[in-house]
Amino acid sequence: MSQGYAIELYFDPALENQVLKAWNVLARRQISTQLIEIESRPHITLFSSPFVDPLKLENVLKIFASKQEPLPLSFCSIGGLPNGNNVLFLAPTPTLSLLQFHLQLCDAMKKDGVEIAEEYRPDSWIPHCPVAEEVPKTRMAEAFTVLRDLKLPVTGYAMDIGLVEYSPVRELFSFVLGNAVEP
C-alpha cells in the first residue's frame with residue numbers, strides 16, 4: 001500500500017553516479033542501505049504528500065517540464081535533517097535558478113488545486129539529496145566522516161522531473177526538462 005507520492009528532480013548520469021558512490025560506500029560499511037533497499041534513485045524532492053491525484057499531476061508536470069531547461073546543480077556541503085529518520089544528505093547550493101524552479105512548480109500545482117505541505121512551500125523548503133536514511137545514532141559521526149571524504153563540490157545538471165509512489169519507490173512517470181510538449 002502506498003505511503004505517499006513525491007515529485008523528484010533527477011540528475012544527469014554523471015552526477016547520479018557520484019551520488020550512487022556515496023550510497024554504495026555507506027552500504028559497504030553497513031551504515032545505511034535504506035535508499036538502495038527501497039529502490040530509490042538519486043534525487044531532490046520538490047514535493048511530497050500522502051494524497052494526490054497522479055493524473056492531475058501528470059499534466060501539470062508535463063507542461064511545467066516543457067517550459068524548463070536542464071538546471072545546473074552543485075552539491076557543496078553535507079547535512080542532516082532534524083527528524084527521527086536520521087537522514088544525511090548532500091546540499092545543493094541554493095541558487096536563484098533552483099529556488100525559482102521550485103517556486104514555479106509550486107505555483108503551477110497551486111493553480112491546479114494541489115495543496116502544498118508546509119515543508120515544501122517555497123519559504124521553508126530545504127533542497128537536499130538524501131544519501132543515507134535511518135542511520136543508527138551511534139554511527140552518525142562515522143557516516144559524516146565517510147561523506148566528508150567525498151570530493152565536493154559534485155556538479156552536474158537536473159535533467160528530468162518525475163512522480164513516484166513510495167515505499168518501495170515506483171516511478172509513475174517522468175519528463176525531460178525542456179522537452180517540448182506536442183499539441
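This one's a predicted model, so the numbers in the text were calculated from it and none came from an experiment. The analysis underlying the following values was restricted to heavy atoms, covering all of them including side chains, and did not include hydrogens, waters or symmetry mates.
A donor-acceptor pair under 3.5 Å is formed between the side chain of Ser124 and the backbone N or O of Glu118. Asp12 contributes a side-chain N or O that, together with a main-chain N or O of Ala14, makes up a donor-acceptor pair within less than 3.5 Å. A side-chain donor-acceptor contact under 3.5 Å links Ser32 to the backbone of Glu133.
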Name every donor-acceptor pair, under 3.5 Å, that has one atom in a side chain of residues 139-148 and the other anywhere in the protein, sequence neighbours excluded.
{"from": "Arg139", "atom 1": "NE", "to": "Glu142", "atom 2": "OE1", "distance (Å)": "3.0"}
{"from": "Arg139", "atom 1": "NH1", "to": "Gln30", "atom 2": "O", "distance (Å)": "2.7"}
{"from": "Arg139", "atom 1": "NH2", "to": "Arg29", "atom 2": "O", "distance (Å)": "2.9"}
{"from": "Arg139", "atom 1": "NH2", "to": "Glu142", "atom 2": "OE1", "distance (Å)": "3.1"}
{"from": "Arg139", "atom 1": "NH2", "to": "Glu142", "atom 2": "OE2", "distance (Å)": "3.2"}
{"from": "Thr145", "atom 1": "OG1", "to": "Ala141", "atom 2": "O", "distance (Å)": "2.9"}

Requested in this report: Test Ser66 against Phe175 for side chain to side chain contact (heavy atoms under 4.5 Å, CB included), laying out the working first.
Outcome: CA-CA 8 Å; Ser66 73; Phe175 300 102; over 6 Å; no

Query raised in the report: Between Glu134 and Asn86, does a side chain to side chain contact (heavy atoms under 4.5 Å, CB included) hold up when you go through it step by step?
Result: CA-CA 5 Å; Glu134 298 182 10; Asn86 291 345; 5.8 Å; no

Requested in this report: Please assess Glu16 against Val19 for the test side chain to side chain contact (heavy atoms under 4.5 Å, CB included), listing each intermediate value before the final yes or no.
Outcome: CA-CA 5 Å; Glu16 185 168 298; Val19 176; 5.9 Å; no

Requested in this report: Give the intermediate values and the outcome of side chain to side chain contact (heavy atoms under 4.5 Å, CB included) for residues Lys56 and Val52.
Outcome: CA-CA 8 Å; Lys56 181 187 275 192; Val52 294; over 6 Å; no

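Separation of atoms CE (Met109) and CZ (Phe64) is listed at 9.0 Å; rounding is to 0.5 Å. In this structure, the separation between CD on Glu171 and CZ on Arg41 is 6.0 Å, given to the nearest 0.5 Å. Here Thr93 contributes atom OG1 and Leu96 contributes atom CG; the two are 13.0 Å apart, rounded to the nearest 0.5 Å. Summarising the geometry, atom OG belonging to Ser40 is positioned 11.0 Å from atom OH belonging to Tyr166; distances are rounded to the nearest 0.5 Å. Expressed to the nearest 0.5 Å, how far CG of Leu71 lies from CG of Leu177 amounts to 7.5 Å. Once rounded to the nearest 0.5 Å, the distance linking CZ of Phe11 with CG of Leu73 reads 6.0 Å.
Counting Ile, Leu, Val, Met, Phe, Trp and Tyr side chains that sit under 4.5 Å apart, directly or through other members, Tyr157 shares a hydrophobic cluster with Met159.
Asp107 has its side chain within reach of Leu103: a pair of non-hydrogen atoms, C-beta onward, lies under 4.5 Å apart. Thr45 has its side chain out of reach of Ile7: every pair of non-hydrogen atoms, C-beta onward, lies at least 4.5 Å apart. Residues Pro42 and Leu20 form a side-chain contact, since some pair of their non-hydrogen atoms from C-beta on lies under 4.5 Å apart. Side-chain contact check for Pro130 versus His43: some heavy-atom pair is nearer than 4.5 Å.
Between Pro92 and Phe75, the shortest heavy-atom contact is N-CD2, 3.4 Å. In this structure, Ser48 and Ala117 approach most closely via the heavy-atom pair O-CB, 4.5 Å. The two residues Ser167 and Gln3 have their closest heavy-atom pair at CB-OE1, 4.0 Å. Contact between Leu26 and Ala132 at its shortest, heavy atoms only, is CD1-CB, 3.8 Å. Contact between Phe47 and Glu115 at its shortest, heavy atoms only, is CE1-O, 3.5 Å. Pairing each heavy atom of Val154 with each of Lys151, the nearest pair is CG2-O, 3.6 Å.
Under the 4.5 Å side-chain heavy-atom criterion for grouping Ile, Leu, Val, Met, Phe, Trp and Tyr, Ile161 is connected to Val60 within one hydrophobic cluster. In this structure, Leu88 is a member of the same hydrophobic cluster as Ile36, with clusters built from ILVMFWY side-chain heavy atoms closer than 4.5 Å. Taking hydrophobic clusters as Ile, Leu, Val, Met, Phe, Trp and Tyr residues chained together by side-chain heavy-atom distances below 4.5 Å, Leu163 does not share a cluster with Val176. By the rule that hydrophobic residues join a cluster once side-chain heavy atoms approach within less than 4.5 Å of another member, Leu9 and Val114 end up as members of one cluster.
Remark: Glu39 engages no residue in a salt bridge (Lys or Arg N to Asp or Glu O under 4.0 Å) (not counting sequence neighbours).
Judged purely by distance below 3.5 Å, without hydrogens or angles, the side chains of Thr95 and Ser97 pair a donor atom with an acceptor atom.
The aromatic rings of Trp125 and His102 sit parallel, their planes meeting at an angle under 30°, below the 60° perpendicular limit.
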